[in-house]
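As the structure is a prediction and not an experimental result, all values here were calculated from the model. First the proteins, then the strands, lettered A, B, ... as listed; each starts at 1.
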Amino acid sequence: MSKFHDEFDQKVWSVVSSIPGGQVMGYGEVARAAGFPRYSRMVSSAMSRSPEPLPWYRVVKSDRTLAFEQGSESYREQAQLLKQEGVRFEGKKIVAQPRGDNLDKILWGPQD
DNA sequence: CCCTTGACTATCT
DNA sequence: GAGATAGCCAAGG
């Protein structure tokens, strides 16, 4: 196929699958980490092309909100999967990961 | 080749 | 904080 994918896709998949549960990364961050700065808009398509399931829901916009339209099916799905891992929201924005206590959140749920 | 479309981002008002 | 604007870049019509 020799499209621009080959390496880009591989790197993106690698980066995304390495995001720890309970944490999120921005599209731009993923692109940079993959070695392709300014390719934020390509990240989503790369994830879609992944042959195996990826923690795609751990990738969010740079302002820490979800990329899908609020109320859409995808939006709710992503939000639910994230909350399931202990990620908390402040309205539409994701609360900055306070500590590495994600595991606790998953096992015990948000206490506060 | 031109135009449009995205799971985008940074900057300005 | 929300909307507008301008970059960004591959894909598909």
Side-chain angles (χ1 to χ4, degrees):
Chain A
M1 50 171 78
S2 100
K3 290 187 177 178
F4 111 96
H5 315 215
D6 300 20
E7 195 179 343
F8 180 71
D9 283 5
Q10 290 294 333
K11 291 294 181 71
V12 169
W13 299 340
S14 168
V15 171
V16 173
S17 55
S18 76
I19 304 174
Q23 286 200 25
V24 297
M25 270 184 94
Y27 290 87
E29 295 178 80
V30 172
R32 258 198 316 287
F36 291 80
R38 299 187 296 297
Y39 277 63
S40 55
R41 308 193 77 150
M42 308 291 99
V43 172
S44 60
S45 31
M47 290 193 286
S48 301
R49 287 191 292 269
S50 174
E52 56 182 293
L54 240 53
W56 56 272
Y57 54 86
R58 297 187 188 139
V59 182
V60 302
K61 295 206 287 185
S62 57
D63 63 0
R64 307 277 109 165
T65 63
L66 306 192
F68 297 105
E69 185 190 354
Q70 280 186 83
S72 67
E73 183 124 9
S74 299
Y75 185 98
R76 287 195 297 274
E77 181 186 3
Q78 181 170 20
Q80 186 238 36
L81 286 166
L82 288 173
K83 288 176 181 172
Q84 198 168 276
E85 295 189 333
V87 172
R88 294 201 292 140
F89 288 74
E90 200 170 273
K92 21 186 172 180
K93 282 200 187 67
I94 287 175
V95 177
Q97 277 80 67
R99 281 159 270 111
D101 56 77
N102 303 305
L103 187 54
D104 289 336
K105 287 285 171 54
I106 296 171
L107 298 177
W108 296 88
Q111 293 297 305
D112 304 45

TODO: Rounded to whole angstrom, note down the C1' distance from dC1(B) over to dG13(C).
DONE: 12 Å

Task: Proximal nucleotide (of dC9(C), dA7(B), dT9(B)) relative to the M42(A) side chain - done: dC9(C)

TODO: To the nearest Å, give me how far apart CZ (R32(A)) and P (dC8(B)) are.
DONE: 16 Å

Open item on the list: From CZ of F36(A) over to P of dC9(C), roughly how many Å is that when rounded to an integer?
Closed with: 12 Å

- [ ] Round to the nearest Å and state the distance from K61(A) atom NZ to dG6(B) atom P.
- [x] 14 Å

Open item on the list: Could you tell me how far apart F8(A) (CZ) and dA11(C) (P) are, to the nearest whole angstrom?
Closed with: 10 Å

- [ ] Would you kindly give the CZ-to-C1' distance between R41(A) and dC8(C), to the nearest whole Å?
- [x] 7 Å

Task: 4.5 Å side-chain heavy-atom contact, L66(A) and K92(A) - done: no

Open item on the list: Please give the distance between the P atoms of dA6(C) and dA7(B) as a whole number of Å.
Closed with: 22 Å

- [ ] State which of dA7(B), dC8(C), dA10(C) makes the closest approach to the side chain of R38(A).
- [x] dC8(C)

Open item on the list: From OH of Y27(A) over to C1' of dC9(C), roughly how many Å is that when rounded to an integer?
Closed with: 16 Å

Open item on the list: What is the distance, to the nearest angstrom, from the CG atom on D9(A) to the P atom on dA10(C)?
Closed with: 13 Å

Open item on the list: Wobble G-U and Watson-Crick pairs count when both distances are under 3.5 Å; given that, what is the 5' to 3' dot-bracket string of DNA chain B, with | for pairing to other strands?
Closed with: .|||||.||||||

Open item on the list: Looking at V15(A), is its backbone amide N or carbonyl O close enough to the side chain of S18(A) to form a donor-acceptor pair, meaning the two atoms are under 3.5 Å apart?
Closed with: yes

- [ ] Ignoring hydrogens and angles, tell me if any N or O in the side chain of R88(A) forms a donor-acceptor pair with the backbone of K83(A) under 3.5 Å.
- [x] no

Open item on the list: Within the structure provided, determine whether V60(A) and Q78(A) are in side-chain contact (heavy-atom separation under 4.5 Å).
Closed with: yes

- [ ] Report the C-alpha distance between Q80(A) and Y57(A) in whole Å, list the side-chain angles of each, state the deciding distance to 0.1 Å, and finish with yes or no for side-chain contact (heavy atoms from CB on, under 4.5 Å).
- [x] CA-CA 9 Å; Q80(A) 186 238 36; Y57(A) 54 86; over 6 Å; no

TODO: Indicate yes or no for a side-chain donor-acceptor contact from S48(A) to the backbone of S44(A) under 3.5 Å, with no hydrogens or angles considered.
DONE: yes

Open item on the list: If you define the side chain from C-beta out and look only at heavy atoms, does anything of W13(A) sit under 4.5 Å from R49(A)?
Closed with: yes

TODO: Please tell me which of the listed nucleotides, dC8(B), dA10(B), dA7(B), lies nearest to the side chain of S62(A)?
DONE: dA10(B)

Task: Phosphate-side-chain proximity, K93(A) and dG1(C), N/O vs OP1/OP2 below 4.0 Å - done: yes

Open item on the list: I need the NZ-P distance between K11(A) and dA10(C), as an integer number of Å.
Closed with: 17 Å

